[in-house]
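Let me begin by presenting the structure, written as structure tokens, before commenting on it.
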There are 2 protein chains.
Amino acid sequence: MKKQSIEHTHLLILSLLAGEDMYGYQMITELARRSQNVFSMKEGTLYPVLHGLEKQGYVEAYQQAAESGRMRKYYRITRSGRGCLAEEKQSWEVYEGAVNAVLRFSAGLA
Amino acid sequence: MKKQSIEHTHLLILSLLAGEDMYGYQMITELARRSQNVFSMKEGTLYPVLHGLEKQGYVEAYQQAAESGRMRKYYRITRSGRGCLAEEKQSWEVYEGAVNAVLRFSAGLA
DNA sequence: TGACATACATAGAATATCTATGTATACTAT
DNA sequence: ATAGTATACATAGATATTCTATGTATGTCA
């Protein structure tokens, strides 16, 4: 009925990369795991965003072979990416606080 | 740079109306006030959403004159609107928890 | 009476995310 | 060996959401 959207995609991706370098597919599975399946980001969302982050200099890509021999494209967060993450985190907290303030207000009246 | 979007518009509007009947313009100012200016919903966002909520039967509109004599269009939340609000609230909590879980995870590693 | 805030409304642009699709590799079970 | 499935990256086009811009009209105050 209503889509469960991820509008803070940048925040989530940068947050994942702040912990360790990851490749695209891994980000999708990790995000699902860490959110207990609340988030199921699609490839069609992730890859364009990832390329955008790279163009902005927030992440850097490098190729590396898995043990299987298969090539994977890993992403690493940059210094400026960490700055962006800090900002996004802050703005998430502001947003979260604002929603909860509105909810509490009505609850208080009910 | 990046828009501070309100994607949980339904939740916020229904939440306002759960406290008291309101007219459109009032919702905008109240939302700003209660969120300490984090939210500044635009008319172009509000009115279409309001009409949609009405069509879905979640709110009902009625005309009423202000003391000034001016006509205003008030909205009242319906029974099914309260049901919708409860669902939206729940899904906001799930979403909020999931974002924070992802953030905490990375913070724990840093 | 002119400026400004209030009040409702819609069209069109911009943005974000999803669906669908394509390609290719590695693993697993028959 | 080979068919099916999971992995892995990618893009085009559709859909959804919100904003910008604009229009109309009323009430208030200097």
Side-chain angles (χ1 to χ4, degrees), chain A residues 1-14 16 21-33 35 38-56 59 61-75 88 91-92 95 98-99, chain B residues 1-14 16 21-33 35 38-56 59 61-75 88 91-92 95 98-99:
Chain A
M1 181 187 190
K2 209 173 36 73
K3 84 174 159 180
Q4 169 63 48
S5 62
I6 307 185
E7 53 291 284
H8 292 89
T9 314
H10 282 47
L11 169 65
L12 294 172
I13 293 178
L14 291 176
L16 286 175
D21 292 3
M22 286 191 190
Y23 55 95
Y25 202 80
Q26 184 184 12
M27 293 181 210
I28 289 173
T29 54
E30 272 303 302
L31 207 46
R33 195 175 69 78
S35 72
V38 173
F39 298 136
S40 58
M41 196 180 285
K42 306 300 185 253
E43 283 104 321
T45 304
L46 176 67
Y47 291 111
V49 169
L50 223 34
H51 300 158
L53 287 172
E54 194 179 7
K55 206 168 293 175
Q56 292 176 283
V59 304
Y62 59 96
Q63 298 276 336
Q64 189 168 300
E67 318 79 57
S68 63
R70 180 173 188 158
M71 268 303 173
R72 282 176 185 155
K73 199 169 172 184
Y74 281 85
Y75 288 87
E88 302 254 20
S91 98
W92 157 250
Y95 177 77
V99 171
Chain B
M1 183 181 187
K2 206 169 39 72
K3 83 175 160 175
Q4 169 64 47
S5 62
I6 308 185
E7 53 291 284
H8 291 90
T9 314
H10 282 46
L11 169 64
L12 295 171
I13 293 178
L14 290 176
L16 286 175
D21 292 4
M22 286 192 190
Y23 54 95
Y25 201 80
Q26 183 184 13
M27 295 181 208
I28 289 173
T29 54
E30 272 302 303
L31 207 47
R33 195 175 70 78
S35 71
V38 172
F39 298 136
S40 58
M41 196 181 284
K42 306 300 184 252
E43 281 105 321
T45 303
L46 177 67
Y47 291 112
V49 169
L50 223 33
H51 300 158
L53 288 173
E54 195 180 4
K55 205 168 295 178
Q56 292 176 283
V59 303
Y62 59 96
Q63 299 276 337
Q64 190 169 299
E67 317 79 60
S68 62
R70 181 174 189 156
M71 269 303 173
R72 281 175 184 157
K73 199 170 171 184
Y74 280 85
Y75 288 88
E88 302 254 20
S91 98
W92 157 250
Y95 177 77
V99 171

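To find a chain, count down the sequence lines: A is the first, B the second, and so on, and within it residues start at 1.
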Which nucleotide sits closest to the side chain of B/Ser68: C/dA9, D/dA10, D/dG27?
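Among C/dA9, D/dA10, D/dG27, the one nearest the side chain of B/Ser68 is D/dG27.
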Identify which nucleotide among C/dC18, C/dC8, D/dA10 has an atom closest to any side-chain atom of A/Lys42, counting heavy atoms from C-beta outward.
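The closest nucleotide is C/dC18.
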In whole angstroms, how far is the [atom2] atom of [N] from the [atom1] atom of [X]?
{"X": "A/Tyr47", "N": "C/dA24", "atom1": "OH", "atom2": "C1'", "answer": "13 Å"}
{"X": "A/Leu46", "N": "C/dA16", "atom1": "CG", "atom2": "P", "answer": "15 Å"}
{"X": "B/Gln63", "N": "D/dA25", "atom1": "CD", "atom2": "P", "answer": "16 Å"}
{"X": "B/Arg72", "N": "C/dT6", "atom1": "CZ", "atom2": "C1'", "answer": "8 Å"}
{"X": "A/Ile13", "N": "C/dA16", "atom1": "CD1", "atom2": "C1'", "answer": "12 Å"}
{"X": "A/Leu50", "N": "D/dT11", "atom1": "CG", "atom2": "C1'", "answer": "14 Å"}
{"X": "B/Gln26", "N": "C/dC8", "atom1": "CD", "atom2": "C1'", "answer": "14 Å"}

Give A/Glu43 one of three labels, base, sugar-phosphate or nothing, depending on what nucleic acid heavy atoms sit under 4.0 Å from its own.
base
Under 4.0 Å between any heavy atoms, over every strand shown, what does B/Gly44 touch: base, sugar-phosphate, or nothing? Just pick one.
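Touches a base.
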Looking only at side-chain N and O atoms, does A/Tyr23 come under 4.0 Å of OP1 or OP2 in D/dA8?
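Yes, because at least one side-chain N or O of A/Tyr23 sits under 4.0 Å from OP1 or OP2 of D/dA8.
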When you match A/Arg70 and A/His51 each to their closest nucleotide on DNA chain D, which lands nearer the 5' end?
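The answer here is A/Arg70.
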Need to verify one output field. Residue with the more 5' nearest nucleotide on DNA chain C, A/Met71 or A/Pro48?
A/Pro48
